[in-house]
Amino acid sequence: SLESSLSLSLSRSLSLWAQSLHAWGKIFVMAAEKWVYMVTAQTPTNIAVIKYWGKRDEVRILPVNDSISVTLDPDHLCTVTTVAVSPSFDRDRMWLNGKEISLSGSRYQNCLREIRGRAGDVEDKEKGVKIDKKDWEKLHLHIASHNNFPTAAGLASSAAGFACLVFSLAKLMNVDEDASHLSAIARQGSGSACRSLFGGFVKWEMGSKDDGSDSIAVQLADEKHWNDLVIIIAVVSSRQKETSSTSGMRESVETSLLLQHRAKEVVPKRTLQMEEAIKNRDFASFTQLSCADSNQFHAVCLDTSPPIFYMNDTSHRIISLVEKWNRSEGTPQVAYTFDAGPNAVLIARNRKVAVQLLQGLLYYFPPKSDTDMKSYVVGDNSILKEAGLDGANSVENLQPPPEIKDNIGSQDQKGEVSYFICTKPGRGPVVLPDQTQALLDPETGLPK
Ligand code: DP6
């Protein structure tokens with residue numbers, strides 16, 4: 001009857017009203033609370049030796065092929081991120097390298113939504129913090145992120161950045177998922193970020209499901225597995241603004257036939273061979289595969305319409321130098337790989353080779369006259385001493401590498417390389433428990 005349905009709807013509204021009063025009461029109590037609860041984490045960057053180039057799904061960020069990377073030592077290249085939650089925050093906010101940025105982009109929103117959906121209960125008795133799983137939907141976050149390398153260097157910062165965002169939020173929100181599951185969330189921030197959830201040698205499996213749940217990163221071997229490798233990055237100066245990876249790969253997918261062939265025929269075999277090479281620490285195969293894959297990726301860029309040029313003359317000169325040296329030694333000593341920019345990432349088979357490599361590089365690419373060597377070779381610069389390059393005039397005294405008889409370009413390339421970074425394969429993400437390393441103030445939750 002009308003009467004009973006009226007009373008039913010009245011009691012329904014009453015109970016809804018009571019429920020919302022309860023919820024509001026809770027928010028009110030929370031707002032009266034002062035606490036700021038936070039977590040700080042550090043995450044490495046990575047360099048692909050089998051490249052990711054091309055998406056089959058632009059929104060979920062699903063690739064057209066598998067890729068394999070080496071994680072770089074976070075002591076030299078990393079992102080540190082502090083994430084904080086407090087009932088006193090009125091909206092989600094983020095600061096990148098000290099500057100506030102917008103979180104409205106879909107990549108940030110997708111990561112935040114995915115991680116909030118997996119949040120658990122959190123309790124810190126000492127601080128008087130008690131957060132219920134379902135409270136995370138209402139609570140707001142402050143995020144501060146910092147790269148320990150200059151963004152201007154053109155080194156991929158989005159990989160370490162999104163990996164660190166997802167990893168630190170997972171810790172803050174007590175998300176009970178393993179690194180591979182977290183990698184599928186970081187992937188939605190930036191494809192290459194999924195590989196930064198692990199140390200050592202990592203494969204991003206492209207997966208086949210439409211929802212992307214099987215497009216995840218897995219660790220092939222940890223950083224100790226092959227620890228005599230030394231990595232030298234030449235940060236090559238460039239005037240031109242490069243095409244972003246995101247738009248570059250979209251144009252390649254739309255226009256390059258070579259990309260289709262690469263994804264279908266080349267990478268599947270190469271990935272298996274690379275896994276074997278890593279497992280057996282087979283440096284000759286590792287080098288052959290890395291160099292070939294880097295060159296094919298840049299060939300795909302040239303095959304794109306209009307063509308995309310990421311490497312420049314300096315990059316090409318470095319390739320010739322390494323190719324000549326490897327050939328003259330009879331067996332490969334150094335692998336090279338280039339991402340979406342002119343910087344060379346050189347992987348030497350051991351420390352002794354790295355010392356010779358650095359001497360050769362500094363012979364061809366000496367610093368400008370007034371440059372301090374310690375700012376020209378950064379990261380693990382103890383290598384300078386081993387190379388006898390820590391004294392004054394030491395670069396001027398370098399001899400041309402004997403095997404390179406013909407002229408790659410004489411010793412007059414001053415300024416072509418901005419600086420070198422010496423590093424090695426490194427560990428995966430870690431929480432930094434030391435409060436002094438936090439980027440947000442523990443009282444206000446604002447950048448320090
Ligand atoms: C050349 O991961 O930066 O470095 O997924 O659009 O964010 P989005 O692209 P991004 O692309 C990286 C491309 C690459 C190769 C690689 O890292 O595998």
Side-chain angles (χ1 to χ4, degrees), residues 43-72 77 79 105-111 147 151 153-166 183-198 201-207 212 215-217 220 231 233 236 242-254 256 259 262-263 266-267 270-271 274 289-304 308-311 315 336-345 347:
T43 301
T45 181
N46 69 78
I47 177 73
V49 288
I50 301 292
K51 304 291 183 191
Y52 148 54
W53 195 252
K55 298 180 182 71
R56 62 179 200 274
D57 182 325
E58 289 267 343
V59 177
R60 291 188 178 88
I61 310 197
L62 302 176
V64 295
N65 57 254
D66 291 349
S67 55
I68 294 181
S69 60
V70 181
T71 298
L72 303 182
L77 293 163
T79 297
S106 62
R107 288 172 172 220
Y108 280 115
Q109 287 303 315
N110 291 347
C111 287
N147 301 322
T151 332
L155 297 162
S157 55
S158 66
F162 276 104
C164 209
L165 176 73
V166 169
S183 81
I185 304 177
R187 188 201 75 227
Q188 297 174 59
S190 181
S192 53
C194 74
R195 298 185 311 239
S196 273
L197 264 303
F198 293 97
F201 301 82
V202 186
K203 176 164 78 154
W204 173 10
E205 295 173 343
M206 63 179 288
S215 189
I216 58 170
L220 297 174
I231 301 171
I233 303 172
V236 172
E242 282 125 26
T243 314
S244 77
S245 305
T246 306
S247 59
M249 68 176 83
R250 187 184 306 127
E251 287 159 24
S252 294
V253 168
E254 282 163 8
S256 169
L259 180 140
R262 166 179 164 74
V266 182
V267 178
R270 214 173 249 171
T271 306
M274 183 57 99
L289 295 164
S290 306
C291 299
D293 202 70
S294 172
N295 290 332
Q296 188 176 65
F297 151 52
H298 290 277
V300 166
C301 293
L302 274 186
D303 190 48
T304 299
I308 307 167
F309 312 104
Y310 285 127
M311 295 195 284
S315 318
Y336 58 80
T337 187
F338 294 73
D339 272 351
N343 299 334
V345 178
I347 307 175

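Quick note: residue numbers are just sequence positions, from 1. Numbering of ligands and ligand atoms starts at 1, following listing order.
- In this structure, the side chains of Val49 and Met274 come closer than 4.5 Å at one or more pairs of heavy atoms.
- Each of the atoms 6 (O), 7 (O), 8 (P) of ligand 1 lies under 4.0 Å from some heavy atom of Arg107.
- In Ile61, the part holding a heavy atom less than 4.0 Å from any atom of ligand 1 is the side chain.
- Within the 4.0 Å heavy-atom criterion, the part of Ser245 lying near ligand 1 is the side chain and not the backbone.
- The closest approach between any non-hydrogen atom of Trp204 and ligand 1 is not below 4.0 Å.
- The ligand atoms of ligand 1 that sit less than 4.0 angstrom from a heavy atom of Phe297 are 1 (C).
- In summary, the atoms of ligand 1 found under 4.0 Å from a heavy atom of Gly191, numbered by their order in the structure, are 2 (O), 5 (O), 7 (O), 8 (P).
- Of all the heavy atoms of Ser192, the ones lying under 4.0 Å from any atom of ligand 1 are found in both the backbone and the side chain.
- Below 30°, between 30° and 60°, or above 60°: for Trp53 and Phe297 the angle between ring planes is between 30° and 60°, a tilted geometry.
- Glu254 is linked by a side-chain contact (heavy atoms from CB on, under 4.5 Å) to Arg250, counting only residues two or more places apart in sequence or in another chain.
- Close approach of ligand 1 to Met249 is summarised as follows: ligand atoms under 4.0 Å from at least one heavy atom of the residue are 9 (O), 11 (O).
- Not one N or O on the side chain of Ser190 forms a donor-acceptor pair closer than 3.5 Å with the backbone of Ala193.
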**OP:** Kindly indicate, with the supporting measurements, whether the criterion side chain to side chain donor-acceptor pair (under 3.5 Å) is fulfilled by Ser69 and Lys203.
**Re:** CA-CA 7 Å; Ser69 60; Lys203 176 164 78 154; over 6 Å; no

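- The shortest N/O to N/O separation between Thr246 and ligand 1 falls below 3.5 Å.
- Within ligand 1, counting atoms from 1 as listed, the ones closer than 4.0 Å to a heavy atom of Ala48 are 16 (C), 17 (O), 18 (O).
- Residues passing the salt bridge (Lys or Arg N to Asp or Glu O under 4.0 Å) test with Glu251, sequence neighbours excluded: none.
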Subject >> Criterion side chain to side chain donor-acceptor pair (under 3.5 Å) on Asn46 and Ser196, from CA distance to verdict >> reply: CA-CA 6 Å; Asn46 69 78; Ser196 273; 3.0 Å; yes

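- Distances between N or O atoms of Ser67 and those of ligand 1 include no value under 3.5 Å.
- With ligand atoms numbered from 1 in the order given, ligand 1 contributes 5 (O), 6 (O), 8 (P) to contacts under 4.0 Å with heavy atoms of Lys55.
- Note: an N/O pair closer than 3.5 Å links Arg195 and ligand 1 by distance alone.
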Original post:
Would Ser215 and Arg187 satisfy side chain to side chain contact (heavy atoms under 4.5 Å, CB included), going step by step from the backbone distance to the final call?
Top reply: CA-CA 8 Å; Ser215 189; Arg187 188 201 75 227; 3.6 Å; yes

**OP:** Check the pair Val253 / Leu259 against side chain to side chain contact (heavy atoms under 4.5 Å, CB included), numbers first and verdict last.
**Re:** CA-CA 7 Å; Val253 168; Leu259 180 140; 4.3 Å; yes

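- The residue Arg187 has no part lying near ligand 1, judged by heavy-atom distances below 4.0 Å.
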